[in-house]
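Report on one structure; see the data block that follows.
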Amino acid sequence: MTAARVVLRPLRPDDAPTIVAYRSDPEVARYQSWAPTLDDVLGTIDAPGARAPFAPGTWTQLGIALHASGELIGDVGVHVFEGEPLQAEFGITLATAFQGRGYATEALRALLALLFDDLGKHRVTASVDPRNARSIALMRRAGFRQEGHLVESLRFKGAWADDLVFAMLAREWQHHRASR
Ligand SMILES: CC(C)(COP(=O)(O)OP(=O)(O)OC[C@H]1O[C@@H](n2cnc3c(N)ncnc32)[C@H](O)[C@@H]1OP(=O)(O)O)[C@@H](O)C(=O)NCCC(=O)NCCS
């Protein structure tokens with residue numbers, strides 16, 4: 001899965017220290033519920049062939065790497081719903097040093113091509129904290145439609161937090177892709 005400048009690829013055990021380092025950055029962790037230890041990250045990385053990626057009811061974690069150097073700069077997690085495997089949700093994270101250059105936009109478009117074009121998903125969603133301006137801007141750049149604002153629906157870091165739901169249907173992806 002290659003975009004112009006970034007590649008989505010399976011994670012490897014030697015990626016774990018990098019992931020822990022950028023996810024420990026308070027700027028990156030502010031609106032995220034997963035602040036993993038090395039063991040937590042290693043627990044998400046399967047031996048090659050151990051588990052089918054994108055299996056219903058599971059999360060699949062992919063790395064975002066620079067195409068030119070192979071350097072890992074972020075990750076995406078994809079959850080395919082157990083009861084409705086034609087629907088998936090995702091979360092996306094970039095190390096702070098690599099934000100602000102359009103890498104997340106490219107990675108997200110590569111992910112949408114994978115989910116809609118290769119895996120035939122019908123609907124893809126993301127849940128975003130309304131205070132997370134960079135994430136909201138990313139959703140809009142990638143063509144997502146805001147379809148819900150849930151009020152104090154999540155217990156997050158000891159307080160109730162709102163939740164914006166962004167969604168894209170397969171036909172909206174086709175339209176977005178054609179209009180670019
Ligand atoms: C959410 C997140 C991935 C967005 O990253 P981002 O760097 O803002 O997004 P992009 O990589 O697409 O970069 C967009 C910026 O690059 C600029 N840019 C430069 N070249 C670009 C290009 N070719 N294409 C698109 N944007 C480009 C845009 O103008 C935009 O600039 P701005 O930040 O001044 O508005 C990032 O903020 C993050 O990891 N946050 C912490 C984790 C988190 O909260 N994740 C959300 C959970 S769903």
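Throughout, numbering of the chain's residues begins at 1 and tracks the sequence. Keep in mind that this is a model prediction, so the values were computed, not measured. For ligands, and for the atoms within them, numbers begin at 1 and follow the listed sequence.
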*Hey, is the main chain of His176 close enough, under 3.5 Å, to the side chain of Ser179 for a donor-acceptor pair?*
yes

_Phe144 and its side chain to side chain contact (heavy atoms under 4.5 Å, CB included) partner, picked from Val165, Thr125, Leu112_ = Leu112

*Applying salt bridge (charged side-chain N to carboxylate O under 4.0 Å, His left out) between Arg123 and each of Glu172, Glu147, Glu89, report the one that passes.*
Glu147

*Which other residues end up in the same hydrophobic cluster as Ile45, if Ile, Leu, Val, Met, Phe, Trp and Tyr are linked when side-chain heavy atoms come under 4.5 Å apart?*
Leu11, Ile19, Val20, Tyr22, Trp34, Leu38, Val41, Leu42, Leu72

*asked:* Taking Asp129 first and then Arg30, would you say they form a salt bridge - that is, a charged N and a carboxylate O separated by under 4.0 Å?
replied: no

Quick check for students: name every N or O atom pair between ligand 1 and the protein closer than 3.5 Å, with distances.
| unit_1 | atom_1 | unit_2 | atom_2 | d |
| --- | --- | --- | --- | --- |
| ligand 1 | 7 (O) | Gly100 | N | 2.7 |
| ligand 1 | 8 (O) | Arg134 | NE | 2.9 |
| ligand 1 | 8 (O) | Arg134 | NH2 | 3.2 |
| ligand 1 | 9 (O) | Arg141 | NH2 | 3.1 |
| ligand 1 | 11 (O) | Gly102 | N | 3.4 |
| ligand 1 | 11 (O) | Tyr103 | N | 3.1 |
| ligand 1 | 11 (O) | Ala104 | N | 2.8 |
| ligand 1 | 12 (O) | Thr105 | N | 3.0 |
| ligand 1 | 12 (O) | Thr105 | OG1 | 2.4 |
| ligand 1 | 12 (O) | Arg141 | NH2 | 3.0 |
| ligand 1 | 13 (O) | Gly102 | N | 2.9 |
| ligand 1 | 16 (O) | Gly100 | O | 3.0 |
| ligand 1 | 16 (O) | Arg101 | N | 3.2 |
| ligand 1 | 16 (O) | Gly102 | N | 3.2 |
| ligand 1 | 20 (N) | Arg101 | O | 3.3 |
| ligand 1 | 33 (O) | Arg134 | NH2 | 2.8 |
| ligand 1 | 37 (O) | Gln99 | OE1 | 3.1 |
| ligand 1 | 39 (O) | Leu94 | N | 2.8 |
| ligand 1 | 39 (O) | Leu94 | O | 3.4 |
| ligand 1 | 39 (O) | Gln99 | NE2 | 3.4 |
| ligand 1 | 44 (O) | Asn132 | ND2 | 2.8 |
| ligand 1 | 45 (N) | Ile92 | O | 2.8 |

*Residue that, paired with Leu115, satisfies side chain to side chain contact (heavy atoms under 4.5 Å, CB included) out of Asp118, Asp117, Leu119*: Leu119

